[in-house]
Enquirer: 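Could you have a look at this structure, given as structure tokens, before my questions?
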There are 2 protein chains.
Amino acid sequence: MNAPFPTGVEDDSVDLGALTGSVGFMLRMAQVAVYDQFFREFANTDVRPGEFSVLWVIAMNPDLRQGTLARTLNIKPAHMTKLVQRLVREGLVKRIVPPEDRRSVRLALTDKGRIHLNRHRSTFLHVHDAERIGLTDAETTQLLGLLQKLAFKDTSSCR
Amino acid sequence: MNAPFPTGVEDDSVDLGALTGSVGFMLRMAQVAVYDQFFREFANTDVRPGEFSVLWVIAMNPDLRQGTLARTLNIKPAHMTKLVQRLVREGLVKRIVPPEDRRSVRLALTDKGRIHLNRHRSTFLHVHDAERIGLTDAETTQLLGLLQKLAFKDTSSCR
DNA sequence: TATTGTTATACTCTATAACTATA
DNA sequence: TATAGTTATAGAGTATAACAATA
């Protein structure tokens with residue numbers, strides 16, 4: 001992965017200018033770096049961040065409606081349908097159509113889903129621990145607080 | 001965009017548990033929120049964040065090599081080829097094959113590219129200003145510092 | 001009529017490998 | 001042989017609109 005000599009000698013000198021002051025740009029750059037860590041950790045498994053978050057939230061909220069899940073995770077309904085179909089096909093999730101509203105779908109983990117979640121839970125939670133991503137504990141706490149403010153600003157300011 | 005009444009009455013009660021303590025998950029959630037702001041601001045234009053960053057970096061670094069650009073922005077070479085082709089097709093960028101190494105490609109803005117950049121420069125830089133994203137100036141500075149640490153940890157720790 | 005979720009379509013981004021032309 | 005960039009292909013995510021079943 002690291003060449004013995006830098007392949008692009010110029011790489012150092014690239015000037016990003018004011019881009020490093022753009023929250024949007026820097027969020028993307030940081031996300032790429034942090035996801036790299038994720039995929040290194042979960043190499044040779046079939047665990048993907050989006051899928052795993054979905055399993056997690058279903059586990060925390062039994063009989064969650066599919067639409068509610070989609071809104072919570074900012075996933076479009078059409079995409080959520082495919083994501084859930086995949087999880088059902090893998091035997092991790094089951095769909096329940098409740099008699100009180102037969103348009104809707106409620107989701108729950110299967111036994112296999114629960115086992116899958118438990119197997120990877122601890123790795124998932126600790127991939128991005130402070131030392132792993134090169135921050136101190138205090139910095140990580142600070143960062144999480146700021147990200148929560150950004151991510152949940154609409155919801156929290158409205159009630 | 002906002003229904004007069006919450007469409008999913010349950011939405012409040014969804015519990016994300018330890019997910020809100022995962023740097024990776026929260027980076028994604030924050031990015032979605034912040035990009036929403038971007039697309040609201042640039043609605044009805046053809047400006048996209050990735051494309052615009054590329055134009056920006058080319059402007060800051062004349063005669064940048066395409067591969068160097070790709071590595072800097074964490075864009076895969078194959079994707080960079082298509083991205084540049086689009087920018088060339090739009091008349092914003094020109095490709096120069098230097099005689100000293102005719103395998104490589106150096107990039108520069110056209111006049112149209114410079115005009116395009118200047119027209120949107122200020123909007124682009126200020127979409128994510130503190131007040132726009134619901135943070136104080138101090139918080140934004142703090143956030144940017146932490147994101148830079150994450151994004152550039154490999155490069156900065158190696159020299 | 002409105003809502004829930006699905007299907008269909010299209011475009012972007014990512015990932016990989018095979019290819020070309022140069023070196 | 002190795003490198004720079006391209007092409008081709010496939011998968012995942014995103015966005016939109018049209019649709020069926022149900023309310």
Side-chain angles (χ1 to χ4, degrees), chain A residues 1 3-11 28-29 31-32 35-36 38-40 43 46-54 63-71 73-90 93 95-107, chain B residues 1 3-11 28-29 31-33 35-36 38-40 43 46-54 63-71 73-89 93 95-107:
Chain A
M1 209 167 230
F5 298 100
T7 46
V9 189
E10 305 175 292
D11 285 26
R28 183 196 175 265
M29 293 295 280
Q31 204 195 6
V32 171
Y35 269 54
D36 256 19
F38 183 98
F39 288 113
R40 249 195 310 278
D46 52 353
V47 177
R48 275 172 299 173
E51 260 186 35
F52 201 79
S53 312
V54 165
D63 290 324
L64 187 60
R65 286 181 51 173
Q66 186 169 310
T68 308
L69 178 60
R71 275 187 298 277
L73 296 179
N74 282 308
I75 294 174
K76 289 275 170 298
H79 183 210
M80 186 54 84
T81 296
K82 283 196 283 184
L83 221 163
V84 168
Q85 281 170 343
R86 197 164 60 211
L87 293 171
V88 169
R89 207 179 318 123
E90 289 166 4
V93 164
R95 300 158 33 98
I96 300 129
V97 175
E100 77 274 13
D101 183 349
R102 304 191 356 86
R103 294 170 307 180
S104 67
V105 175
R106 293 184 178 271
L107 302 172
Chain B
M1 209 164 228
F5 297 100
T7 46
V9 189
E10 305 176 293
D11 285 24
R28 183 196 176 266
M29 295 293 280
Q31 203 195 6
V32 171
Y35 270 53
D36 255 19
F38 183 97
F39 288 112
R40 251 195 309 278
D46 52 353
V47 178
R48 275 171 299 173
E51 261 187 33
F52 202 79
S53 311
V54 165
D63 291 325
L64 188 60
R65 286 179 53 169
Q66 186 169 310
T68 308
L69 177 61
R71 276 187 296 276
L73 296 178
N74 282 309
I75 294 174
K76 289 275 172 295
H79 183 211
M80 185 54 83
T81 296
K82 284 196 280 185
L83 220 164
V84 167
Q85 281 170 344
R86 198 163 60 210
L87 293 171
V88 168
R89 207 180 318 124
V93 163
R95 302 159 31 99
I96 299 129
V97 175
E100 77 273 12
D101 183 349
R102 304 189 0 82
R103 292 170 306 182
S104 68
V105 175
R106 291 182 181 273
L107 301 172

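On a predicted model such as this, the values are computed, not experimentally measured, just so you know.
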Enquirer: To the nearest Å, give me how far apart CG (B:L87) and P (C:dT12) are.
Expert: 12 Å

Enquirer: Between atom NZ of A:K82 and atom CZ of A:R86, what is the distance when rounded to the nearest 0.5 Å?
Expert: 9.0 Å

Enquirer: When the distance from CG of A:D46 to C1' of D:dG11 is rounded to whole Å, what number comes out?
Expert: 15 Å

Enquirer: For the pair made of CE in A:M80 and P in D:dT14, what is the distance, rounded to whole Å?
Expert: 10 Å

Enquirer: What is the distance from CZ of A:R86 to P of C:dT6, rounded to the nearest Å?
Expert: 14 Å

Enquirer: B:Y35 has an atom OH; how far is it from atom P of D:dG13, in whole Å?
Expert: 17 Å

Enquirer: If each of A:I75 and B:T81 is mapped to the nucleotide of DNA chain D with the nearest heavy atom, which maps nearer the 5' terminus, i.e. the 5' end?
Expert: B:T81

Enquirer: Nearest heavy-atom pair of B:F38 and B:V47: which atoms, and what distance?
Expert: CE2-O, 3.9 Å

Enquirer: Going by the rule side chain to side chain contact (heavy atoms under 4.5 Å, CB included), which residues pair with B:F39 if we only count those two or more places apart in sequence or in a different chain?
Expert: B:Y35, B:P49

Enquirer: For A:P98, give me all partners under side chain to side chain contact (heavy atoms under 4.5 Å, CB included), at least two apart in sequence or on another chain.
Expert: A:E100, A:S104, A:R106

Enquirer: Tell me, please, which residues at least two apart from A:V105 pass side chain to side chain contact (heavy atoms under 4.5 Å, CB included).
Expert: A:Q66, A:R95, A:L107

Enquirer: To the nearest Å, give me how far apart CG (B:L107) and C1' (D:dG5) are.
Expert: 11 Å

Enquirer: Whole angstrom is fine here: how far is it from CG in B:L69 over to P in D:dA4?
Expert: 14 Å

Enquirer: Please list, chain by chain and in numerical order, all residues satisfying side-chain hydrogen bond (donor to acceptor under 3.5 Å, both in side chains) with A:R103, sequence neighbours excluded.
Expert: A:D101

Enquirer: Taking atom NZ of A:K76 and atom CG of A:N74, what is their separation to the nearest 0.5 Å?
Expert: 7.0 Å

Enquirer: Please report how far the helix from C:dT1-D:dA23 to C:dA23-D:dT1 bends, comparing the axis fitted to its first five pairs with the axis fitted to its last five, to the nearest 10 degrees.
Expert: 10°

Enquirer: Taking the side chain of B:Q85 as heavy atoms from C-beta outward, which of D:dT7, D:dG5, C:dT4 is closest to it?
Expert: D:dT7

Enquirer: Looking at residues at least two apart in the chain, or sitting in another chain, which of them share a side-chain hydrogen bond (donor to acceptor under 3.5 Å, both in side chains) with A:R48?
Expert: A:E51

Enquirer: For nucleotides 15-23 of chain C, read 5' to 3', which letter fits each nucleotide if B means a protein heavy atom sits under 4.0 Å from the base, S means only the sugar-phosphate is that close, and - means neither?
Expert: SB----BBS

Enquirer: Provide, to the nearest angstrom, the distance between the CG atom belonging to A:L83 and the P atom belonging to D:dT14.
Expert: 9 Å

Enquirer: Could you tell me whether the phosphate oxygens of C:dC13, OP1 or OP2, come under 4.0 Å of any side-chain nitrogen or oxygen in A:R28?
Expert: no

Enquirer: Could you state the interatomic distance from OG1 (A:T81) to CD1 (A:I75), rounded to the nearest 0.5 Å?
Expert: 11.0 Å

Enquirer: Could you check which of D:dA4, C:dT12, C:dG5 has an atom nearest any side-chain atom of B:R48?
Expert: C:dT12

